[in-house]
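Chain A is the first sequence line, chain B the second, and so forth, proteins listed ahead of strands; every chain is numbered from 1.
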Amino acid sequence: MSTHSTHVYTGTYTGDAPRVWPAKVNQIPKEVFGDEALFEEELKKIFYGDTWHAVGHAAEIPNVGDFKTFDLGRVPLLIARGKDNQVRVFFNSCTHRGNQLETSVSGNRKEFECPYHRWLFSLDGTLAACPGSKEFAPDFKQEHFGLVEVKTDQYLGLILVTMGKNTPPLKEWLGESALPTLNALLGGDGRLKLLGYQKVRYASNWKGYNDNDGYHAPLLHTGFRLLNWQGGKGFQRMTPNGHVLFEAELKPATGNGFLKDPSLIEFKGSNPERGSVITQLFPMTVMTKHMDVINLRFAIARSHEVTEVHYAYFAHEDDSEELVQHRIRQSSNLLGACGMVSMEDAAIFQRIHIGNQTPGFAEFQKGVTSLTEIPTDVKQNDETGNLPRWEHYRKVMGFKREGEQ
Amino acid sequence: MSQAITAAHNSAIDALHTAYLAALDQGDMAAWAATFALAPDTRYFCTSAENDRRGLPLALMYDDCRGRIDDRVSFVTKVWAGTYQPYRTRHFIQRLSMDAAGTNQYRVTSGFTIMMTPEGGATTVLTSGEYRDLIEIQGDGDKFRAVFRERRAVYDADVLPRYIVFPF
């Protein structure tokens, strides 16, 4: 047995989240991935706080009466398209006694009826009928009991919600520098057509799921190597409030004869200089356009150790039938929960969650040039692009750095 | 139904189902691929009941030609090896219907359940669902076998309990 170990743990591991953050900016305390009490604080300060959360795209509910349900943390949402074509987001809860109003994950309704006491809501949330109301409390007014709306806004059809009181306007929160990349990702104009879903749970803390970096891509993904798939020129850009944007040129893969059906990795997109586009919005929305795959990933932090991801795939409304078919084939097989390239990411989410139950720090190295300054300028394949997001997280959660007053 | 289902064809189809389940329960991807016909338009799909119900074409696995069935074997055995956390499966099926669909071809549906055991862990249900198959009898005389021309696995889970490595 080797006696050369240079790291012997001599501390006392508590498993509790630290209330003081290390001074070195490239260290993340691993306790933050396994702490159940911390998750409750995160729900309050982040998920129910002054942050926008992507919960869907208008193309998922294209017709009047279409709806989908989704959860923000533990809060059930009902997202519906009204007769006026407006998309509204409501708490999925009857305003009478709080019964869950809609149980289906998606569908189409003329109105929403609560089965408990038959309160009936219009698609715009108005309370249209409530049997027995003559005997209701003296102060009851039907017009005061419409469904409760959650503040929502859209960007090129991307539906975001916030439950915070002081959330900045959406465009300001996204930031000017994020918009061109987000536009490219959403097909330029957001006129998308839903192709379908892959939905899966990961046994991982939401921050571990979200902490994927650009550095790992050529190292983890055997598929890239087997296909002789070299990355092209590109950039990684961060915003002060924790968003990360990637764009990279896409050189066609040469394949090396590895695949019997290379049509899987054909690129029919018009602009290879923007072949790979990723937008990661704080806290946990990752969206990718890689080759001809348009993939919006709507994620739910279920607990400190369960993250649920709904991979939604889209075509553009103007696509030819042939391009749609190509997108279906590529979307299903390349970058999803079971895709040739990204199944490996799925495996890492869970393995990093297990490994992070040990004491110590997650150590960032690639691209670190200062131990005291949060990086603002990083290269395409650095892992330091994640540090501004961690810094934003630290501030929102109110953790002080060691030595900070 | 114009064509009688012979006992021999019936047995061959049972043997195909058994070979399929045995291949996956042993993690033998080459044996899995061998249950499919060699014709170029042979297909395997694995999709959610939600996509299926809503007519959404996207799948979890979308192998719309024989070449991609072989490529899926390569994904599991060459691309992902050493990355994923190992798990074993047990498949159980129950044939629900069988109808002749032309010369030596049958449309067969079966219900399935897949149990899953991660290495070092306990057994849980991975998902259940329905196989919708187009099965072909190949060969004649005493020597014939059944193969899948198309297998569509429609799984019930709205949200799968983990990431998936092996086909259903």
Side-chain angles (χ1 to χ4, degrees), chain A residues 60 104-107 194-204 220-227 258-264 295 300 302 306 308-315 324-325 327-334 336-351 354, chain B residues 33 38 40-87 118 120-121 124 126-127 155-168:
Chain A
E60 294 177 85
S104 294
V105 293
S106 67
L194 179 67
L195 297 178
Y197 299 97
Q198 296 170 342
K199 297 182 180 176
V200 64
R201 281 187 173 192
Y202 297 119
S204 172
L220 170 68
H221 296 298
T222 308
F224 284 153
R225 287 200 297 282
L226 289 169
L227 297 167
F258 175 70
L259 291 177
K260 284 194 175 174
D261 177 26
S263 73
L264 179 63
N295 180 209
I300 304 168
R302 290 279 182 207
V306 177
E308 184 171 313
V309 185
H310 298 184
Y311 295 74
Y313 296 88
F314 299 86
V324 171
Q325 193 55 42
R327 286 200 206 267
I328 293 164
R329 185 183 293 132
Q330 199 166 68
S331 298
S332 299
N333 292 323
L334 205 61
C338 191
M340 182 183 73
V341 167
S342 58
M343 197 293 295
E344 292 162 330
D345 293 312
I348 293 301
F349 300 149
Q350 302 201 341
R351 291 177 63 165
I354 293 166
Chain B
L38 293 175
D41 63 346
T42 299
R43 307 188 291 181
Y44 170 73
F45 302 104
C46 176
T47 193
S48 67
E50 182 189 2
N51 285 338
D52 182 70
R53 186 176 63 243
R54 295 175 62 179
L56 296 168
L58 194 105
L60 185 71
M61 305 180 204
Y62 193 98
D63 301 338
D64 61 344
C65 63
R66 172 70 213 197
R68 198 152 327 96
I69 289 172
D70 291 328
D71 287 340
R72 183 161 303 283
V73 177
S74 303
F75 292 3
V76 176
T77 59
K78 293 182 181 149
V79 179
W80 301 338
T83 304
Y84 63 87
Q85 297 145 305
Y87 65 96
T124 54
L126 180 58
T127 188
Y155 59 86
D156 293 327
D158 275 343
V159 182
L160 288 164
R162 57 158 292 150
Y163 64 89
I164 301 300
V165 176
F166 298 99
F168 288 168

Go through the atoms of A:A203 and report whether side chain, backbone, both or neither lie under 4.5 Å from a heavy atom of chain B. neither
Need one label for B:P57: side chain, backbone, both or neither, based on atoms under 4.5 Å from any heavy atom in chain A. both
Quick one: pull up CG in B:D70 and CG in A:L259 and give me the separation to the nearest 0.5 Å. 11.0 Å
For A:I354, is it the side chain, the backbone, both, or neither that has a heavy atom closer than 4.5 Å to a heavy atom of chain B? side chain
Tell me which of these, A:D261, A:V324, A:T222, has more heavy-atom pairs under 4.5 Å with chain B than the rest. A:D261
Mind ranking A:R201, A:M340, A:H221, A:Q325 by heavy-atom pairs under 4.5 Å with chain B and telling me who comes out on top? A:M340
Within the structure provided, determine whether B:V79 and A:M343 are in side-chain contact (heavy-atom separation under 4.5 Å). no
So B:R54 and A:L194, do their side chains get closer than 4.5 Å, heavy atoms only? yes
Distance from B:Y163 atom OH to A:Q198 atom CD, nearest 0.5 Å? 15.5 Å
Working to the nearest 0.5 Å, report the span between NZ of A:K199 and CD of B:E50. 3.5 Å
So which part of A:H310 gets closer than 4.5 Å to some heavy atom of chain B, the side chain, the backbone, both or neither? side chain
B:D64 portion near chain A, given a 4.5 angstrom heavy-atom threshold: side chain
Contact check, side chains of A:Y197 and B:S48, non-hydrogen atoms, under 4.5 Å: no
So, do A:K260 and B:I69 sit near enough that their side-chain heavy atoms are less than 4.5 Å apart? no
So what's closer than 4.5 Å to chain B heavy atoms on A:E308: side chain, backbone, both or neither? side chain
Contacting moiety of A:Q350, where chain B heavy atoms sit under 4.5 Å: both
With only heavy atoms counted, which part of A:V200 is less than 4.5 Å from chain B, the side chain, the backbone, both or neither? both
